[in-house]
4 protein chains.
Amino acid sequence: MRKEPRQARSRATVEAMIEAGARILGDEGWAGFTTNKVAEAAGVSIGSLYQYFPDKLSLIEGIRRRHLDDCLAVMRRSQKEGRPVMQFVEALVGDMIAAHSIHPGLHEVLLDEALSFDGLRDPHSSFEAEYLACYQAAVATYRAQETNANDYTVSLIISDAIDGVIHNAARRGMLEDPDVKNELVRMIGLYLSAGGEGPTG
Amino acid sequence: MRKEPRQARSRATVEAMIEAGARILGDEGWAGFTTNKVAEAAGVSIGSLYQYFPDKLSLIEGIRRRHLDDCLAVMRRSQKEGRPVMQFVEALVGDMIAAHSIHPGLHEVLLDEALSFDGLRDPHSSFEAEYLACYQAAVATYRAQETNANDYTVSLIISDAIDGVIHNAARRGMLEDPDVKNELVRMIGLYLSAGGEGPTG
Amino acid sequence: MRKEPRQARSRATVEAMIEAGARILGDEGWAGFTTNKVAEAAGVSIGSLYQYFPDKLSLIEGIRRRHLDDCLAVMRRSQKEGRPVMQFVEALVGDMIAAHSIHPGLHEVLLDEALSFDGLRDPHSSFEAEYLACYQAAVATYRAQETNANDYTVSLIISDAIDGVIHNAARRGMLEDPDVKNELVRMIGLYLSAGGEGPTG
Amino acid sequence: MRKEPRQARSRATVEAMIEAGARILGDEGWAGFTTNKVAEAAGVSIGSLYQYFPDKLSLIEGIRRRHLDDCLAVMRRSQKEGRPVMQFVEALVGDMIAAHSIHPGLHEVLLDEALSFDGLRDPHSSFEAEYLACYQAAVATYRAQETNANDYTVSLIISDAIDGVIHNAARRGMLEDPDVKNELVRMIGLYLSAGGEGPTG
DNA sequence: AATGAATGAGACTTCATTCAT
DNA sequence: CATGAATGAAGTCTCATTCAT
């Protein structure tokens with residue numbers, strides 16, 4: 001960001017621009033996301049937008065930071081001391097679904113931005129590191145038994161599977177379907193609870 | 001397509017354009033995908049591209065059709081008569097990883113196009129229907145026990161979880177990691193084999 | 001128009017674009033009329049042109065509206081209370097010649113646009129209606145005697161004959177020739193003054 | 001033309017291209033007139049078109065020559081020895097209306113081509129000279145009395161007035177209206193028959 | 001600080017014309 | 001000769017960004 005907002009009015013302006021940008025990016029994707037449209041939706045002039053964000057990339061990164069902070073907050077909330085594994089998984093899946101429901105589509109657009117926007121600085125790695133660290137902590141706590149795979153790999157499997165199911169459910173408008181949630185919880189729960197021997201086929 | 005290629009020369013041209021387009025779309029995403037760049041990469045003039053594809057969207061759809069045909073072929077190959085469940089899951093996951101390795105990133109770009117490109121006709125629904133039908137057939141065959149959820153929901157969970165894990169692994173350059181494959185196979189296998197009771201937490 | 005010019009600067013810009021467009025359309029016809037050329041002739045960037053006119057057609061319509069307003073003003077000026085018929089015809093023809101002299105060729109290009117430019121909204125019908133209404137009023141006042149034809153048909157004959165003579169005279173660079181004007185006045189005057197019996201041949 | 005057609009087949013091909021071009025130019029105007037479209041409509045390949053017409057301009061000139069020859073034939077037919085003036089005018093107007101009805105719009109498009117196509121060689125002047133010579137002969141024969149204006153000017157007035165009325169009637173779809181024809185005949189007849197004194201106003 | 005008019009590189013697309021088959 | 005695939009200059013239009021007010 002070009003300039004740290006000092007006054008309350010400035011902070012509100014920045015808020016409005018990030019919020020408007022998140023909405024447009026989630027609703028219309030990269031194709032509909034133009035700086036002029038964001039400025040108009042935020043109720044400010046294009047000149048003001050460039051006062052706070054030196055270019056389009058900065059605006060995107062502002063939107064991403066905001067969204068990822070929200071996600072991390074959700075993640076941490078799901079891990080309360082001493083919860084049994086199934087309660088954790090249920091809370092986690094439920095909260096992730098809720099997080100995706102605020103700006104449907106936004107999450108995936110932001111994670112895939114590398115595919116859509118070359119020059120993006122720090123391609124979400126710092127967020128992702130922290131994000132995965134949360135998963136890893138949970139895995140270390142709840143994992144039933146050691147397999148060949150380390151905790152990190154198991155974290156990836158879980159986070160990415162949840163991601164995939166929720167993302168595609170959102171695409172299909174099935175984010176509210178209780179069966180989807182239940183089956184996802186069941187799959188993750190089975191995976192975490194099972195011993196290393198795996199299913200016998 | 002605007003014109004069906006008749007001569008061998010024009011068939012090769014269309015091939016080259018679709019191949020170049022797939023590579024650019026997979027490597028550089030929507031942002032790098034311009035008709036001029038595709039024409040240049042295919043070694044033809046921009047005019048030739050527009051002789052066969054009336055507009056950019058048609059080219060994208062051509063690329064998608066080609067890719068989806070490839071995917072369906074892979075899907076069907078994994079289901080051989082009488083295989084035990086774990087062999088099926090291993091073949092499926094292995095083949096999907098292989099399919100994603102040809103043009104890394106292409107698959108997700110094409111499935112998410114709705115988010116990035118407004119006017120795409122027939123948003124992959126006809127492909128997806130057939131794609132899911134393959135999964136559903138496998139689920140009907142291999143599913144251990146009835147739960148509340150129907151076969152369709154279980155198909156979604158499996159296909160989308162595999163999708164999510166592979167897509168994100170590709171993003172991280174971990175598509176070749178054997179642990180990722182093994183754990184993914186283990187998770188899907190457990191989910192398919194487990195009875196309806198679910199894990200106890 | 002996409003955007004109403006608010007500041008004085010932008011009003012001047014729109015003026016310049018319409019004026020430059022009229023000149024180019026009159027001088028070079030449809031073939032020479034490109035948005036880039038108009039922008040350059042107006043001394044603005046192509047982006048500014050598209051800020052006020054959403055597409056090429058809108059610019060053409062802007063030019064037409066301006067020209068037609070000018071024409072109607074001329075038409076109305078020619079009809080003063082109580083003038084004898086020959087004074088009216090002389091004033092009318094003289095003013096029409098003057099109107100055509102500002103941007104020679106523009107008038108015909110604009111009336112014939114349907115032949116040259118497909119998508120033009122409202123093909124000059126609303127202008128033409130008002131234009132012909134002026135002629136009809138004059139015919140009702142000055143017509144010597146009833147024939148089988150109604151006032152509307154007579155209006156068409158007069159307006160289109162004047163149109164044809166002036167247009168072709170302009171084409172030949174004879175717009176200033178006094179004989180052309182005198183003979184045209186004589187023909188229209190004879191036609192209006194003659195009784196319904198017609199010439200005997 | 002690049003090459004004089006020698007064989008019957010070639011002559012038929014050239015015929016087809018000119019006919020198709022006239023139709024497209026009349027129906028769709030300059031905007032719809034492309035060499036590829038003409039070739040397709042004529043049922044030949046674009047390569048064949050360029051075998052006989054070295055460029056687009058040549059094709060246009062071919063179409064024009066054909067059309068003007070038709071017009072001249074009509075013109076000459078109207079002037080039979082010893083006809084009274086009104087019979088001549090009626091025949092002339094009737095034939096001109098008929099000529100315009102074959103390819104409505106074509107005549108005006110061709111006469112105004114200077115406005116639409118810069119580089120047209122010999123902008124219809126040689127045709128026009130002959131065309132006007134026909135009118136002038138008729139004027140010399142039928143004109144009632146000398147005025148200040150010479151025969152040439154009177155020819156212009158008549159030909160251009162007829163042109164304007166017919167052209168605009170065609171534009172309005174009123175080419176078949178008998179009132180239009182009758183009034184046009186009456187106006188021209190009055191003008192030719194009247195003495196030099198003009199109407200008194 | 002805020003505004004919004006202005007800029008112009010670059011994207012998509014057309015179509016007159018050429019040339020290998 | 002005929003075909004039609006290929007070419008590329010040129011035109012329309014968008015949108016990130018700047019800067020005078």
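Every chain is numbered from 1, with letters handed out A, B, ... down the list of sequences.
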**Q** Rounded to whole Å, please give me the gap between CE in D:Met17 and C1' in F:dC1.
**A**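 Taking atom C1' of F:dC1 as the reference, CE of D:Met17 is at 13 Å.
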
**Q** Nearest of F:dA6, F:dT12, E:dT3 to any side-chain atom of C:Thr35?
**A** F:dT12

**Q** Show, in sequence, the C-alpha distance, side-chain angles and deciding distance for D:Thr13 and D:Met17, and conclude whether the side-chain contact (heavy atoms from CB on, under 4.5 Å) test is met.
**A** CA-CA 6 Å; D:Thr13 300; D:Met17 293 185 299; 4.0 Å; yes

**Q** Suppose we define a pair by two distances each less than 3.5 Å, Watson-Crick or G-U wobble; what does F:dA10 pair with here?
**A**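 Its partner is E:dT13.
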
**Q** Quick check for you: among E:dG4, E:dA16, F:dT3, whose closest atom lies nearest to any side-chain atom of D:Lys56?
**A**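 Between E:dG4, E:dA16, F:dT3, the one nearest the side chain of D:Lys56 would be E:dA16.
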
**Q** Rounded to whole Å, please give me the gap between CZ in B:Phe53 and P in E:dT14.
**A**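 Value for this atom pair: 15 Å.
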
**Q** With a 4.5 Å heavy-atom cut-off, do A:Trp30 and A:Ile60 have their side chains touching?
**A**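 With C-beta onward as the side chain, the pair touches.
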
**Q** Please confirm whether the backbone N or O of C:Thr35 pairs with a side-chain atom of C:Lys56, one donor and one acceptor, at under 3.5 Å?
**A** no

**Q** Check whether any side-chain N or O of C:Tyr50 sits under 4.0 Å from OP1 or OP2 of F:dT14, and answer yes or no.
**A** no

**Q** With respect to the side chain of D:Ser48, which nucleotide from E:dT17, F:dT3, E:dT7 is positioned closest?
**A** F:dT3

**Q** Are side-chain heavy atoms of A:Phe53 and A:Val14 found at a separation under 4.5 Å?
**A** yes

**Q** When you get a sec, tell me which of F:dT3, E:dT3, E:dA9 is the closest nucleotide to the side chain of C:Ile46?
**A** E:dA9

**Q** Send over the distance from D:Leu49 CG to E:dC19 P, rounded to a whole Å.
**A** 17 Å

**Q** My understanding is that only one of A:Glu15, A:Glu19, A:Glu61 makes a side chain to side chain donor-acceptor pair (under 3.5 Å) with A:Arg66; could you say which?
**A**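 Of A:Glu15, A:Glu19, A:Glu61, side chain to side chain donor-acceptor pair (under 3.5 Å) with A:Arg66 is met by A:Glu15 alone.
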
**Q** Nearest whole angstrom, please: distance from the P of F:dT18 to the CG of A:Asp55.
**A**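 Spelled out: CG on A:Asp55 to P on F:dT18 is 9 Å.
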
**Q** Picking from E:dA11, F:dC1, E:dA2, which would you name as closest to the side chain of A:Gln51?
**A** E:dA2

**Q** Applying a 3.5 Å limit to both distances, which nucleotide forms a Watson-Crick or G-U wobble pair with F:dT21?
**A**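 Looking at the geometry, F:dT21 pairs with E:dA2.
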
**Q** Quickly work out the A:Trp30 CH2 to F:dA16 P distance and round it to whole Å.
**A** 11 Å

**Q** What is the distance from CZ of B:Phe33 to C1' of E:dC12, rounded to the nearest Å?
**A** 12 Å

**Q** Check the distance between E:dT17's P and D:Leu59's CG and give it to me in whole angstrom.
**A**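 Value for this atom pair: 10 Å.
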
**Q** Closest approach to the side chain of C:Thr34, judged atom by atom: which nucleotide of F:dT7, F:dG11, E:dT17 is it?
**A**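 Closest of the options to the side chain of C:Thr34: F:dG11.
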
**Q** Whole Å only: how far is the CD atom of C:Glu40 from the C1' atom of E:dG8?
**A**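 Result: 13 Å.
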
**Q** Between F:dT17, E:dA2, E:dA5, which one does the side chain of C:Tyr52 approach most closely?
**A** E:dA5

**Q** Reading DNA chain E from 5' onward, which residue's closest nucleotide shows up sooner: C:Asn36 or B:Gly47?
**A**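 The answer here is C:Asn36.
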
